[in-house]
Participant: 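Handing you this structure, nothing more for now.
Please read all numbers here as calculations on a predicted model, not as lab measurements.
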Amino acid sequence: MKKSHVLLLLLVQVIVLMPLFCLSDDFVSSRATYYGSPDCKGNPRGACGYGEFGRDINDGEVSGVSSRLWKNGAGCGACYQVRCKIPPHCNEEGVYVVATDYGEGDGTDFIFSPKAYGRMARPGTEFQLYSFGVVDVEYQRVPCRYGGYNLVYKIHEKSYNPHYLALLILYVGGVNDILAVDVWQEDCKEWKRMRRVFGAVHDYQNPPRGTLSLRFLVYGSAGLNWVESQNALPADWTAGATYSSNILLT
């Protein structure tokens with residue numbers, strides 16, 4: 001793909017995302033429901049590709065989100081404050097959730113884990129709230145709080161050094177979306193674009209040998225910026241391993 005076409009595509013992505021980063025006290029009206037879960041936590045098979053991380057992150061208070069919040073996977077890991085609008089049953093703060101999956105239906109923007117859905121209720125009214133099934137809500141995007149974690153990447157289990165590399169991006173802090181990931185190819189002296197396979201997973205066939213440097217196109221409250229991580233992966237990277245970067249997104 002020509003560089004001009006890539007830049008045009010990224011510009012279109014930014015234009016689409018811009019309204020979602022206008023943080024204020026203004027909430028957006030929508031609807032929410034919940035899915036079944038044996039332990040009331042998240043779905044480890046969610047479309048972001050998080051696995052068990054997606055089940056347990058934020059103590060299982062997670063959600064599948066609609067296409068306008070999913071953003072072809074760039075919305076994975078985004079955080080929202082959501083509160084329902086039935087005064088006798090809904091508390092004032094609502095719930096803080098992390099987007100770990102894609103899902104929508106009956107006009108909803110959120111399909112919560114049962115634990116997250118119940119968190120919107122006033123004490124003692126959880127059963128009544130569950131009985132509604134679908135409720136009117138209002139939501140806003142809020143900064144993700146990951147306790148000081150730097151940006152982390154996990155080598156997907158299907159990766160095979162040195163022929164195939166797939167990365168799962170974790171702990172995208174603040175109000176930020178990862179639009180693209182590049183890997184540095186030393187022999188060509190240029191950045192090579194990784195492919196977004198699905199959700200938060202990016203891959204590259206026949207990646208460069210040796211220690212790998214990565215850069216991330218980040219769009220958020222600070223605008224659109226490339227953020228680079230030198231020596232991000234060792235030459236002997238292995239499938240299933242997790243590596244912390246020097247990037248702290250806030």
Participant: Is it true that a side-chain atom of Ser113 and a backbone atom of Gly42 form a donor plus acceptor pair closer than 3.5 Å?
Facilitator: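 Not at all, since once roles are kept as given, no pair shorter than 3.5 Å links the two residues.
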Participant: Please tell me whether Trp226 and Glu228 have a donor and an acceptor in their side chains that are separated by less than 3.5 angstrom.
Facilitator: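 No, Glu228 and Trp226 have no side-chain donor paired with an acceptor closer than 3.5 Å.
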Participant: Please go through Val134's hydrophobic cluster and name the other residues, only I, L, V, M, F, W, Y counting, with side-chain heavy atoms under 4.5 Å joining them.
Facilitator: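 So far as hydrophobic clustering goes, Val134 is joined with none.
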Participant: Any donor-acceptor pair under 3.5 Å linking the side chain of Tyr146 with the backbone of Leu151?
Facilitator: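 Not a single qualifying donor-acceptor pair exists.
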Participant: For Tyr171 together with Phe53, are the ring centres under 6.0 Å from each other?
Facilitator: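 Here the rings of Tyr171 and Phe53 have centres that are less than 6.0 Å from each other.
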Participant: Checking the side chain of Tyr50 only, and the main-chain atoms of Gly77 only, is there a donor and an acceptor separated by less than 3.5 Å?
Facilitator: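 Judged by distance alone, yes, a pair lies under 3.5 Å.
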Participant: Is the distance from the ring center of Tyr130 to that of Tyr117 below 6.0 Å?
Facilitator: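 When the ring centroids of Tyr130 and Tyr117 are compared, they turn out to be within the sub-6.0 Å range.
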Participant: Taking atom types as modelled, is there a side-chain donor on Ser229 or Tyr153 under 3.5 Å from an acceptor on the other?
Facilitator: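 Short answer, yes.
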Participant: Is it the case that the side chains of Glu138 and Ser29 hold a donor-acceptor pair, with the cut-off being a distance below 3.5 Å and no angle test?
Facilitator: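 Not at all, the side chains of Ser29 and Glu138 share no donor-acceptor pair under 3.5 Å.
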Participant: In plain terms, say whether Arg31 and Asp109 are close enough for a salt bridge, that is, a side-chain N and a carboxylate O under 4.0 Å apart.
Facilitator: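 No, this pair does not count.
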Participant: Do we see a donor-acceptor contact under 3.5 Å between the side chains of Gln185 and Asp187?
Facilitator: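 Note: Gln185 and Asp187 side chains meet the donor-acceptor criterion.
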Participant: Given Phe27 and Val137, is the side-chain contact (heavy atoms from CB on, under 4.5 Å) satisfied, shown in steps?
Facilitator: CA-CA 9 Å; Phe27 282 73; Val137 299; over 6 Å; no
Participant: Salt bridge between Arg119 and Glu61, side-chain N to carboxylate O under 4.0 Å?
Facilitator: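 Glu61 and Arg119: salt-bridged.
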Participant: Please list, chain by chain and in numerical order, all residues satisfying salt bridge (charged side-chain N to carboxylate O under 4.0 Å, His left out) with Glu104, sequence neighbours excluded.
Facilitator: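 Per chain and number, Glu104 pairs via salt bridge (charged side-chain N to carboxylate O under 4.0 Å, His left out) with no residue.
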Participant: With side-chain contact (heavy atoms from CB on, under 4.5 Å) as the test, would you mind laying out the steps for Cys48 and Trp70 before giving the verdict?
Facilitator: CA-CA 9 Å; Cys48 285; Trp70 168 249; 3.5 Å; yes
Participant: Closer than 3.5 angstrom, by distance alone: can the side chain of Lys71 be matched with the main-chain N or O of Leu179 as a donor-acceptor pair?
Facilitator: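 Judged by distance alone, no pair lies under 3.5 Å.
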Participant: Under the 3.5 angstrom rule, does the side chain of Ser63 hit a backbone N or O of Ile111 as a donor-acceptor pair?
Facilitator: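 Such a contact is found between Ser63 side chain and Ile111 backbone.
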Participant: Measure from the side-chain N and O atoms of Thr250 to the backbone N and O of Gly174, and report whether any donor-acceptor pair falls under 3.5 Å.
Facilitator: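 Here the side-chain-to-backbone pair does not exist.
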Participant: Looking at Phe198, I'd like to know if its CZ atom is crowded, meaning that more than 12 non-hydrogen atoms belonging to other residues, nucleotides or ligands lie closer than 6.0 Å.
Facilitator: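 Counting other residues, nucleotides and ligands, CZ of Phe198 exceeds 12 neighbours.
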Participant: Are Phe112 and Tyr35 an aromatic pair, judged by ring center distance below 6.0 Å?
Facilitator: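 No, too far apart.
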Participant: Keeping Asn161 on the side-chain end and Thr238 on the backbone end, is there a donor-acceptor pair under 3.5 Å?
Facilitator: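 No; zero donor-acceptor contacts below 3.5 Å.
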Participant: Do Val98 and Val201 share a hydrophobic cluster, counting only Ile, Leu, Val, Met, Phe, Trp and Tyr and linking them when any side-chain heavy atoms are less than 4.5 Å apart?
Facilitator: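 Linked, Val98 and Val201 end up in one cluster.
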Participant: Short question: side chain of Arg215, backbone of Gln230 - any donor-acceptor pair under 3.5 Å?
Facilitator: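 No, Arg215 side chain to Gln230 backbone: no donor-acceptor pair under 3.5 Å.
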Participant: Please check if any side-chain donor atom of Tyr164 sits under 3.5 Å from a side-chain acceptor atom of Asp203, or the reverse.
Facilitator: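 Their side chains do contain a donor-acceptor pair, which is all the 3.5 Å distance test asks for.
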Participant: Please name the pair of heavy atoms, one in Val97 and one in Val82, separated by the smallest distance, quoted to 0.1 Å.
Facilitator: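 Looking at all heavy atoms of both residues, the closest pair is CG2-CG2, 4.2 Å.
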Participant: If only atom types and distance count, is the side chain of Asn91 paired as donor or acceptor with the main-chain N or O of Met120 below 3.5 Å?
Facilitator: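 Side chain of Asn91 to backbone of Met120, a donor-acceptor pair under 3.5 Å: yes, one is there.
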Participant: So that I can tick it off, tell me whether Asp182 and Arg193 are bridged by a salt bridge, with the cut-off set at under 4.0 angstrom between side-chain N and carboxylate O.
Facilitator: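 The answer is yes: the pair qualifies as a salt bridge.
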Participant: Is a donor on one side and an acceptor on the other found under 3.5 Å between the side chain of Gln81 and the backbone of Glu93?
Facilitator: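 Yes: the side chain of Gln81 pairs with the backbone of Glu93.
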Participant: Determine, using the 4.5 Å side-chain heavy-atom cutoff (strictly less than), whether Leu170 and Tyr149 are members of one ILVMFWY cluster.
Facilitator: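 Per the 4.5 Å side-chain linkage, Leu170 and Tyr149 are co-clustered.
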Participant: Cationic tip of Arg195 within the cone over Tyr204's six-membered ring, i.e. under 6.0 Å and within 45° of the normal?
Facilitator: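 No, Arg195 and Tyr204 do not form such a contact.
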Participant: Between Arg141 and Asp177, is there a salt bridge with N-O shorter than 4.0 Å?
Facilitator: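 So Asp177 pairs with Arg141 through a salt bridge.
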